[in-house]
Amino acid sequence: MAEKIRAPRGMPDTLPHEMPLIRRLESAAQRAFALYAYEEIRPPLFEETRLFVRGIGDATDIVEKEMYTFAEGEDSITLRPEATASVVRAAVEHDLLKQKGFWKLYYIGPMFRKERPQAGRSRQFYQIGCEALGSLEPTVDAESILLAARFFREAGLEGVKVNINSIGCPTCRAAYRKVLREAIEPHRAQLCQDCQARFDRNVFRILDCKKELCKKIAMQAPVMREHLDADCRQHFETVCALLKAAGQEFTIEDHLVRGFDYYTRTVFELSHPSLGARDAVCGGGRYDNLVAELGGPAAGCVGFAVGVVPTILALEKTGAAAAVEPPVLDVYLIAVDDAMRADVFRMAQELRAAGVSAEMDYERRSLKAQMRSANKLGARFTVMVGPEEIASGKFKLKAMATGEEEMAAVGEIAGKVLGK
RNA sequence: GUGAGAGUAGCUCAGUUGGUUAGAGCAUCAGACUGUGGCUCUGAGGGUCGCGGGUUCGAAUCCCGUCUCUCACCCCA
């Protein structure tokens, strides 16, 4: 036997039995996005490397060590680690914002990060996400959060928590960075090794550290929200007020910071308690400078991305996944003997043409074996095709659930099956 | 990328202190008189014990390496 080739590390196959649940998520997404008037967009799976370096930030872990980057002649290309940069690039490239000033776009597709795989985290993973391009208004932030919550309801996931924060604009963030550094400086020696490094590279991440001592130090540090400038404060308060007015529950999480450099002002995360420590199912926020940084006009944007696998894990833990039903087969045609194979083949085509899903045996197996297959596939009906039927033109139609049988002409079968 | 654990039929797992032809359940396939599934019964196929090397008279079992997965970090969806 030839050597088996395996999928590369961290590249999962999505097998047939997993698809119904994924399809449910995708259709939930389509419903939710349609309700909020979003349009679908499909950017390519890889881009020029510099798009991500500029968009996500060259000091982020993703760009530093998690990207799949290849040389293509003189160019460097990278499999997308997230889609926001691509969507913005596409909008800028096609001058969408010149056609009209405001766009709502969503996408569904695979992303790639070279991480150490473990449950719920692989190197190719799927995100459902969206971006509202071209508005600075807090209404859009609030709507985006409501949309994310709506998606999970459509998907059947109960108990999703919404956490939000504001990380301000570049101006007030620079001021806060200084304040934060001054507050942490005296305790610098007590920080964990990672946080020592973060102190220079990105102090804000210290707020996110899970180490007890770092947490304690972070707790005592001044919070971003109290150092927002007037505009950013006003913006955040409006977002919160809108959410409240919409009846959306949420928690203001002072230490919520996001991993990408492009975020400004509102950041949010939706999480599910069933997932334990790694509980995020969705992350997003506002990014007001990215479009301009990628060569477009000044345009405020808000977006989020949902992790498909974490969401599925949460659905499974809450038991909601069990409600997903496998596809149904309407009719299984049975050839009583080999002389009827051609008739079965022809009738299957006719039924399918009439909109009835039909399956048959291709391996010349016994009648009993064919019945077994019909049962295993969950066929709603079987149609017996034997000498008697061919002679009379009336076929024995059996309802598998009840065992009831009746005779029906070829032309009647589709109607009877679809009618029930 | 770091640390730890695991890897035996398609799946879930047994496999005694290293000892003949590696087992079970489920699944698959086939049979149980005449043209009928689910339940039951009978039988069959399926494993170079992740891969490579080493120790040994002898390795699924011990040692080393390697790959993959899992868990915890890092980070993130």
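Here is the naming used below: chain letters follow the sequence lines, and residue numbers restart at 1 for every chain. A quick note: this is a predicted structure, and the numbers were derived from the prediction, not measured.
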**Report entry** Shortest side-chain distance from A:Arg365, nucleotide among B:U36, B:U70, B:A30
**Finding:** B:A30
Report summary line: Which of B:A77, B:A30, B:G37 is nearest the side chain of A:Ala280? It is B:A77
Report task. For B:U12 versus B:U17, give the span between their P atoms, rounded off to a whole number of Å. Result -> 26 Å
**Report entry** Any strand: nucleotide that pairs with B:G45 via Watson-Crick or wobble, under 3.5 Å
**Finding:** none
Requested in this report: Give A:Val306 one of three labels, base, sugar-phosphate or nothing, depending on what nucleic acid heavy atoms sit under 4.0 Å from its own.
Outcome: nothing
Query raised in the report: Salt-bridged, A:Arg286 to A:Asp288, with N to O below 4.0 Å?
Result: yes
Report summary line: The Watson-Crick or G-U wobble partner of B:G25, with both key distances under 3.5 Å, is B:C11
Query raised in the report: What about A:Asn375: does its side chain form a donor-acceptor pair under 3.5 Å with the base of B:G37?
Result: yes
Query raised in the report: B:G31 P sits how many Å from A:Met371 CE, rounded?
Result: 15 Å
Requested in this report: For B:U34, take OP1 and OP2 only and decide whether either is under 4.0 Å from a side-chain N or O of A:Lys368.
Outcome: no
Query - Aromatic ring proximity A:Tyr287/A:Phe260, centre distance under 6.0 Å - result: no
Requested in this report: Before accepting this row, confirm whether a basic side-chain N of the pair A:Glu40/A:Arg42 lies closer than 4.0 Å to the acidic partner's carboxylate O.
Outcome: yes
Requested in this report: Identify which nucleotide among B:G37, B:U68, B:C73 has an atom closest to any side-chain atom of A:Lys398, counting heavy atoms from C-beta outward.
Outcome: B:G37
Query raised in the report: For A:Lys396, which contact category applies under a 4.0 Å heavy-atom criterion: base, sugar-phosphate, or nothing?
Result: base
Requested in this report: Please evaluate the base of B:U36 for a donor-acceptor partner in the side chain of A:Gln370 within a cut-off of under 3.5 Å?
Outcome: no
Query raised in the report: Under 3.5 Å, side chain of A:His255 to main-chain N/O of A:Val223, donor-acceptor pair present?
Result: no
Query - Euclidean distance, atom CZ of residue A:Arg372 to atom P of B:C29 [Å, nearest integer] - result: 8 Å
Query raised in the report: Base, sugar-phosphate, or nothing: which does A:Val281 touch, judged by heavy atoms less than 4.0 Å apart?
Result: sugar-phosphate
Query raised in the report: Mind checking the P distance from B:C63 to B:A6? Whole angstroms is fine.
Result: 10 Å
Report task. Hey, which sits more toward the 5' end of RNA chain B by its nearest nucleotide, A:Gly10 or A:Glu66? Result -> A:Gly10
Query raised in the report: Using the P atom in both, what is the distance from B:G65 to B:U2, to the nearest Å?
Result: 14 Å
Report summary line: Winner on side-chain proximity to A:Phe125, out of B:A77, B:U28, B:G37, is B:A77
Query raised in the report: Expressed in whole Å, how much space separates the P atoms belonging to B:A32 and B:G18?
Result: 49 Å
Query raised in the report: Given that A:Val257 and A:Glu389 both sit by RNA chain B, which one's nearest nucleotide is further toward the 5' end?
Result: A:Glu389
Requested in this report: Please state whether the base of B:A77 and the side chain of A:Arg113 form at least one donor-acceptor pair under 3.5 Å?
Outcome: yes
Query raised in the report: Could one point to a donor on the side chain of A:Glu115 or the base of B:A77 with an acceptor on the other under 3.5 Å away?
Result: yes
Report task. Write down the distance separating the P atoms in B:G52 and B:U16, rounded off to the nearest Å. Result -> 23 Å
Query raised in the report: Whole-Å distance between B:A77 P and A:Ile108 CD1?
Result: 18 Å
Requested in this report: Could you tell me whether the side chain of A:Ile167 reaches within less than 4.5 Å of the side chain of A:Thr264, counting heavy atoms only?
Outcome: no
Query - Separation of B:C76 P from A:Asp279 CG (nearest whole Å) - result: 14 Å
Query raised in the report: Can you tell which of B:G31, B:A77, B:C29 lies closest to the side chain of A:Ser366?
Result: B:G31
Query raised in the report: Checking all strands, does A:Glu405 fall into the base, sugar-phosphate, or nothing category for heavy-atom contacts under 4.0 angstrom?
Result: base
Query raised in the report: Do any N or O atoms from the side chain of A:Arg123 and from the backbone of A:Glu115 form a donor-acceptor pair under 3.5 angstrom?
Result: yes
Report task. Rounded to the nearest angstrom, tell me the gap between atom CG in A:Leu367 and atom P in B:G37. Result -> 8 Å
Report summary line: Applying the 3.5 Å cut-off to both distances, the Watson-Crick or G-U partner of B:G1 turns out to be B:C73
Query raised in the report: Counting just side-chain N and O atoms, does A:Arg116 come under 4.0 Å of either OP1 or OP2 of B:C74?
Result: no
Query raised in the report: Expressed as a whole number of Å, how far does the P atom of B:C33 sit from that of B:G15?
Result: 41 Å
**Report entry** Between B:A77 (C1') and A:Leu25 (CG): distance, integer Å
**Finding:** 13 Å
**Report entry** Under-4.0 Å side-chain N/O to phosphate OP1/OP2 contact, A:Arg6 with B:C67
**Finding:** no
Report summary line: As its Watson-Crick or G-U partner within any shown strand, both distances under 3.5 Å, B:A6 has B:U68
Query raised in the report: Taking atom P in both B:C62 and B:G25, what distance in whole Å separates the two?
Result: 27 Å
Query raised in the report: NA contact type, A:Gly403, heavy-atom cut-off 4.0 Å: base, sugar-phosphate, or nothing?
Result: base
Query raised in the report: Can the ring centroids of A:Tyr106 and A:Tyr38 be said to lie less than 6.0 angstrom from one another?
Result: no
Query raised in the report: Counting N and O atoms only, with roles assigned by atom type, does the side chain of A:Gln127 sit under 3.5 Å from a partner on the main chain of A:Val308, one being a donor and the other an acceptor?
Result: no
Query raised in the report: Nearest of B:G37, B:C76, B:C69 to any side-chain atom of A:Phe260?
Result: B:C76
**Report entry** Between P of B:G50 and CZ of A:Arg9, the distance in whole Å
**Finding:** 18 Å
Query - Span that lies between the C1' atom of B:U8 and that of B:A22, in whole angstrom - result: 8 Å
**Report entry** Base partner of B:G19, which must satisfy Watson-Crick or wobble distances under 3.5 Å
**Finding:** B:C57
Report task. Find the distance between CZ (A:Arg50) and CG (A:Leu294) and round it off to the nearest 0.5 Å. Result -> 10.5 Å
Report summary line: Rounded to whole Å, CG of A:Asp361 lies from P of B:U36 at a distance of 16 Å
Query raised in the report: What's the closest nucleotide to the A:Arg121 side chain, out of B:U70, B:C74, B:G37?
Result: B:C74
Report task. Report which part of the nucleic acid A:Ala379 touches: base, sugar-phosphate, or nothing (heavy-atom distance under 4.0 Å, all strands). Result -> nothing
